[in-house]
Number of protein chains: 2
Amino acid sequence: MEQITIKEVAKLCGVGVSTVSRAINNHPDINPETKQKILDTIREYNYVPNNSARNLKRTDSNTIAVVIKEISNSYWGVMLHVLEREVRDRKYCLVLQNVADDEDEVELALQLEKEKKVKGIIFLGGMYNYDESRLRMLRVPYVISGSGKTVPEDTGTYPKSALVTTDTEIESQSMVDYLCSCGHKRIAFITSGDEGLGRCHLNGYKRSLEKNGLEYDEKLIIRLKPGKRIYTIENGYNCTCELLKSGVDFSCIYAISDTLAVGACRAVIDSGKRVPEDYCVAGADGQDIAEYYHPSITTLKYPRVEIALQSVRTLFDLINRKKVVKRQILGGTLIERESTRKL
Amino acid sequence: MEQITIKEVAKLCGVGVSTVSRAINNHPDINPETKQKILDTIREYNYVPNNSARNLKRTDSNTIAVVIKEISNSYWGVMLHVLEREVRDRKYCLVLQNVADDEDEVELALQLEKEKKVKGIIFLGGMYNYDESRLRMLRVPYVISGSGKTVPEDTGTYPKSALVTTDTEIESQSMVDYLCSCGHKRIAFITSGDEGLGRCHLNGYKRSLEKNGLEYDEKLIIRLKPGKRIYTIENGYNCTCELLKSGVDFSCIYAISDTLAVGACRAVIDSGKRVPEDYCVAGADGQDIAEYYHPSITTLKYPRVEIALQSVRTLFDLINRKKVVKRQILGGTLIERESTRKL
DNA sequence: TTGTAGGCGTTATCAC
DNA sequence: GTGATAACGCCTACAA
């Protein structure tokens, strides 16, 4: 069975290629009968238009690209779901592009733009240490969603980019503030060892300690090695086990993701201690599991659905050349649950 | 800043387009100096080849497509991660295509084949009620991974497809067998209401009851409405709450995913009862959370990494026209944990 | 309402 | 080694 092209469909129907094209693309100027006949033939011979050829010719492709840092992270789940739905509601297509830990998201976005003639791009995760000059080369609008600190200034007539995210540093600071207010003086901190997100969290942690007049102790900081799959329960479990074994004194563990916090809880439980009686545990990001774990886990609930929603809306505003807010910082909500208590 | 094409690069360097093409594609017959000069110019002017045009011309694109039923399901996490790595190790690219609950995966695959000239396709999830005649139209090799019951017979010279999965029905049956062996006589069952996976699970459940001489009671069956995001903790929680309120008599809950089981556990706990003392809970699929939940959850651990690995290997074997096993059924492992006990 | 022809950006096949 | 040039499959003026 060979590749069937528009030409052959035309021949099969005894019409010209343009007529077939018109039938496919719902152009108005076409005889309904011819159209029906063509559509039937297409069905019968299972003709599928070649999108590469289409994109080569067309200026608009009605597709939105989502570039995701480590797609295997469960954190993106709902967000992807929302994005998918919203984009589909607007009659656009979605293409997903994973970017591995050692890949450059901007480079991939540049490719995508050329290749798929995407109308816009949403960056999910990463985007801390990007090359701004490369980023400027993107001619399509884009939104940095759920991470990153800023977005280049506009140079053209219309705004081309926007940021929709939480402020990691402030959020982490508020969590540590809360833990301090509970009476904790030595808070172990599980964070990512990278210079992007991990650094922001750490800054927030340090700031809070300072504000609360507590001493910073490097021994309480656990830096997860950058590399694949940092935010796993297993990681949280293992490093907490080590911490417990190390004999370092602490009364509370704060992890920068709920999955890590789950691991931390289990490690405490397995060591024969209790949460929160012996050690308190707090997480961040607000995944479902924090709510349903036993004990339920105190966390910072990031407004993920809201972020996803605003990202799509903002992207379409950019596409439609409307005014947009360049930096939307959405606040998280600190949710006290069973895993923490006042000392 | 305008789109720069290969033509302009050629002009800029004072060479022909074919020479530029050779430089880009690492062809051997080219003067290293010219090549360097071209590469420099490309860098300077930020030329990015248009992949649509490439794909139009090229016969091979060295990309593998993964078609995923509901990508937002956390179950796929590790598998995606493995696939990504394996494909990259073989110097191929990966494109991800989500397929929503109401979309047809085969249709999307057909598109992908034409558009991206993919060398092969891996179907993740779904693929129970596909249109076999459409599936046969795929000319590239494909592997149905982690789900589905069978794969069409080969018609051509070389095998074109393969199946790598667990046997859902048998797995579910073995879990219910186990629960029966613990002394449970009334096992509530949380499953998906669809005709694919949900049906297979239900068959296994029924078979086991029969084998163990137990009566099937429709009141114990909770069918989650097909639609978006079935496998959420929240779903498991809500339907268990209802079940508990309904007053139906049972001693054990078996849910077809670990996330559902987590929700079930929490519902039991919130109702003031204990797991496993008052109600036993078992899950299936073997996600991390089942191991780290408190209590840890008895589950069927599907060999997800193994399935992903075998899927890639098999796909590349198909691509390279090697012999392959058409149906690889990998067995799951029943892991007894804290959430169940002998009555 | 329909058909013809040119071009989109690239690669491959030729000559040179 | 290099440079024209013909495809690749589609869309869209423009002509009929």
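The structure displayed is predicted, hence computed values, not measured ones. Labels below follow one simple rule: chain letters A, B, ... track the order of the sequence lines, proteins then strands, and each chain is numbered from 1.
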- Query: Which of the following nucleotides, C:dT10, D:dG3, C:dG9, is nearest to the side chain of B:Y47?
  - Reply: C:dT10
- Message: Check this for me: does the side-chain of B:K57 come within 3.5 Å of the base of C:dA12 through a donor and an acceptor?
- Response: no
- Query: Strictly under 6.0 Å, is that where the ring centroids of A:Y130 and A:F123 end up?
  - Reply: no
- Query: With a 4.0 Å cut-off on heavy atoms, is A:V15 in touch with a base, just the backbone sugar-phosphate, or nothing at all?
  - Reply: sugar-phosphate
- Message: I need the CG-P distance between B:N50 and D:dG9, as an integer number of Å.
- Response: 16 Å
- Expressed in angstrom and rounded to an integer, what is the separation of B:I4 atom CD1 from C:dC8 atom P? 15 Å
- Taking NZ from B:K11 and C1' from C:dG9, how many angstroms apart are they, rounded to a whole number? 14 Å
- Contact class for B:T34 vs. all strands (heavy atom < 4.0 Å): base, sugar-phosphate, or nothing? sugar-phosphate
- Message: Regarding D:dG3, can its base be found pairing with the side chain of B:S18 as donor and acceptor, where the two atoms are less than 3.5 Å apart?
- Response: yes
- Side chains of A:K35 and A:T19: do they bring a donor and an acceptor to under 3.5 Å? no
- Query: Between B:R136 and B:D131, is there a donor-acceptor pair closer than 3.5 Å when you use the side chain of the first and the backbone of the second?
  - Reply: no
- Message: Reading DNA chain C from 5' onward, which residue's closest nucleotide shows up sooner: A:K35 or A:V17?
- Response: A:K35
- Length of the line joining A:L56:CG and C:dT10:C1', which is rounded to integer Å: 8 Å
- Task: Decide side chain to side chain contact (heavy atoms under 4.5 Å, CB included) for B:S145 and B:M79; before the verdict, give the C-alpha distance in whole Å, the side-chain angles of both, and the deciding distance to 0.1 Å.
- Result: CA-CA 10 Å; B:S145 174; B:M79 294 185 72; 3.9 Å; yes
- Item | Approximate separation, where rounding is to 0.5 Å, of A:Q328 CD and A:E306 CD | 9.0 Å
- Separation of C:dC8 atom P from B:I6 atom CD1, nearest Å, is 14 Å
- Would you kindly give the NZ-to-P distance between A:K7 and C:dG3, to the nearest whole Å? 15 Å
- Message: Let's go through B:D102 and A:R88 carefully: what are the C-alpha distance in whole Å and the side-chain angles of both, what is the deciding distance for side chain to side chain contact (heavy atoms under 4.5 Å, CB included) to 0.1 Å, and is it a yes or a no?
- Response: CA-CA 12 Å; B:D102 54 343; A:R88 262 157 50 95; 3.0 Å; yes
- Query: Taking only N and O in the side chain of A:R54, is any of them less than 4.0 Å away from OP1 or OP2 of D:dC10?
  - Reply: no
- Task: Report the C-alpha distance between A:E195 and A:N129 in whole Å, list the side-chain angles of each, state the deciding distance to 0.1 Å, and finish with yes or no for side-chain hydrogen bond (donor to acceptor under 3.5 Å, both in side chains).
- Result: CA-CA 8 Å; A:E195 279 307 303; A:N129 308 309; over 6 Å; no
- Message: Heavy atoms within less than 4.0 Å of DNA chain C: which residues of residues 21-32 of chain B have one? Give them sorted by number.
- Response: B:S21, B:N25, B:H27
